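What follows is one structure encoded as structure tokens, with my remarks underneath.
Note that this is a predicted model, so its numbers are computed, not measured. Residue numbers begin at 1 in each chain, while the letters A, B, ... track the order of the sequences.
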Amino acid sequence: MARFDPYENNGGTCVAIAGAGYCVVAADMRLSVGYSILTRDHSKIAHLADKCVLASSGFQGDVKALQKNLAAKELVYEHNHNKKMSCPAMAQLLSNTLYYKRFFPYYAFNVLGGLDSEGKGCVFTYDAVGSYERTGYSAQGTGATLMMPVLDNQLKSPSPLLLPARDAVTPLSEAEAVDLVKDVFASATERDIYTGDKLEIVIINSSGSRRECIELRKD
Amino acid sequence: MDGSHASGSKVAAADGPGTQRTQYPYVTGTSIIALKYKDGVIMASDTGASYGSTLRYKSVERIKAVGKHSLIGASGEYSDFQEILRYLDELTLSDHMWDDGNSLGPKEIHSYLTRVMYNRRNKFDPLWNSLVLGGVKKGPKGEEKYLGMVNMIGTHFEENHIATGFGNHLAIPILRAEWREDMTFEEAVKLVEKCLLVLLYRDRSSINKFQIAKITTEGATIYPPYSLKTYWGFSAFENPSQGAVGSW
């Protein structure tokens, strides 16, 4: 007889691209399980602070628990320090939060994007148990295997072995980065059954943040 | 189940070595259909509950009113649903005792259920249900309709129309094609009956005794059970082996 399984894969893809003065964070809005679509209008993005946005896919129950937990910790931080948490601080917090559940992990694949203390775009990419790295761009989730090679090809990040260390931010303008995000999602939607319906894009720059929504294939 | 104790398969969480939590459901209800319409939310289900593939109970209510603004519908383990109803009674009682003129709306109840379901899955002692929560409550932007669901491991979302279990396969395509936000109650009943009839024909654990319930700003109404008219007279049903003659 089938045993109780505490996990479920609800699919979805998350992408973030950092530029000199901006960061684009995007995720599709499909929520599915197996071959069924549960809803076509489910946001995977959490606005954790002014300059800090988290996109997560995986198991929706864990994703929501994780995002709520981080939002609560951020609020406590705000009260204690009288300022919003910076993106690199949130990145470390997220890593610790994931590792805290190392032996019953959050089944969540995260991409954290925002601006660092100098106003430069930053992207942090994770695995489910908290390993993380600061990069210039990243994709996570069911469509990541389709998107990541395209991003590598288009954005050519400098090798992390180079000395002195180079900036990982991409050379694209904000508008070019947004267009690239739309293209990689439209492409991944063609082949990944867990990605589609709608694309939610959050753009953070020095003047604040804005949200954009575009339609994707629904089949 | 590893089969050591016949009675050990459903022990309450008195923890200790040898304790085993619910690993599978016993008595289960099938699909729930729910959708928003002009004045609120309509919900429907049959009144059957199965013991494996045996139809054990034929007259159970799987839709109940919660507080003043909400309806809950459940598929899955019926005793777990009864436990959930006890939790909700406790919740609405304590809410009432504040006596501050505030009351929990469908959104809050759904949020509460979401946490209960997710917490129990974290304890590896799940409540084996898919729950649908619908309601209407006056908010800052006027009347706000709400419809959401949560499953046994805590996956949850909001939608304009929801169907659990077999309904997710058979009823959702119908609802996606024909649902409108401004449907009248009569139109909504027609649509829901169309879905129930398809489920009756194709879901073997469904039965021809249905209940419809609605929730509006006037409150919840759960209608008495009734049957739908079926047609089984198709020639393929009357002589199924015709046109499929065997070799002997």
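Taking CG from A/N10 and CD1 from B/I153, the interatomic distance works out to 7.0 Å, rounded to the nearest 0.5 Å. Rounded to the nearest 0.5 angstrom, B/T114 OG1 and A/K64 NZ are separated by 9.0 Å. Annotation: the span from B/M152 atom CE to A/D5 atom CG amounts to 9.0 Å, rounded to 0.5 Å. A/L38 CG to B/I162 CD1: the interatomic distance, rounded to the nearest 0.5 Å, is 9.5 Å. The CG atom of A/D41 lies 7.0 Å from the CD atom of B/E159; values are rounded to the nearest 0.5 Å.
The number of heavy atoms from other shown groups lying within 6.0 Å of OH (B/Y51) does not exceed 12. Counting heavy-atom neighbours within 6.0 Å of B/K194 NZ, excluding the residue itself, gives a total of 12 or less. By the 6.0 Å contact criterion, CZ on A/F104 is enclosed, its count of non-hydrogen atoms from other residues, nucleotides or ligands being greater than 12. Open room surrounds OH on A/Y99; 12 or fewer heavy atoms of other groups in view lie less than 6.0 Å from it. A 6.0 Å sphere centred on NZ of B/K190 holds no more than 12 heavy atoms belonging to other residues, nucleotides or ligands. Atom NZ of A/K51 sits in a sparse spot, with 12 or fewer heavy atoms from other residues, nucleotides or ligands closer than 6.0 Å. Counting heavy atoms of neighbouring residues, nucleotides and ligands inside a 6.0 Å radius, atom CZ of B/R56 does not exceed 12 of them. For B/K107, the NZ atom counts as loosely surrounded, since its 6.0 Å shell holds 12 or fewer non-hydrogen atoms of other residues, nucleotides or ligands.
For chain B, the nearby part of A/F59 is the side chain; its heavy atoms alone come within less than 4.5 Å. Contacts between B/N122 and chain A at a heavy-atom distance below 4.5 Å involve backbone atoms as well as side-chain atoms. Only the side chain of A/L31 comes within contact range of chain B, judged by heavy atoms closer than 4.5 Å.
The aromatic rings of B/F124 and A/F4 lie perpendicular to each other, with more than 60° between the two planes, well past the 30° mark.
By the 4.0 Å N-to-carboxylate-O rule, B/R121 lies close enough to A/D62 to be salt-bridged with it.
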*Evaluate the criterion side-chain hydrogen bond (donor to acceptor under 3.5 Å, both in side chains) for residue pair A/Q60 and B/T155; output intermediate values, then yes/no.*
CA-CA 5 Å; A/Q60 195 268 354; B/T155 305; 4.7 Å; no
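For the pair A/H42 and B/H156, the minimum side-chain heavy-atom distance is 4.5 Å or more.
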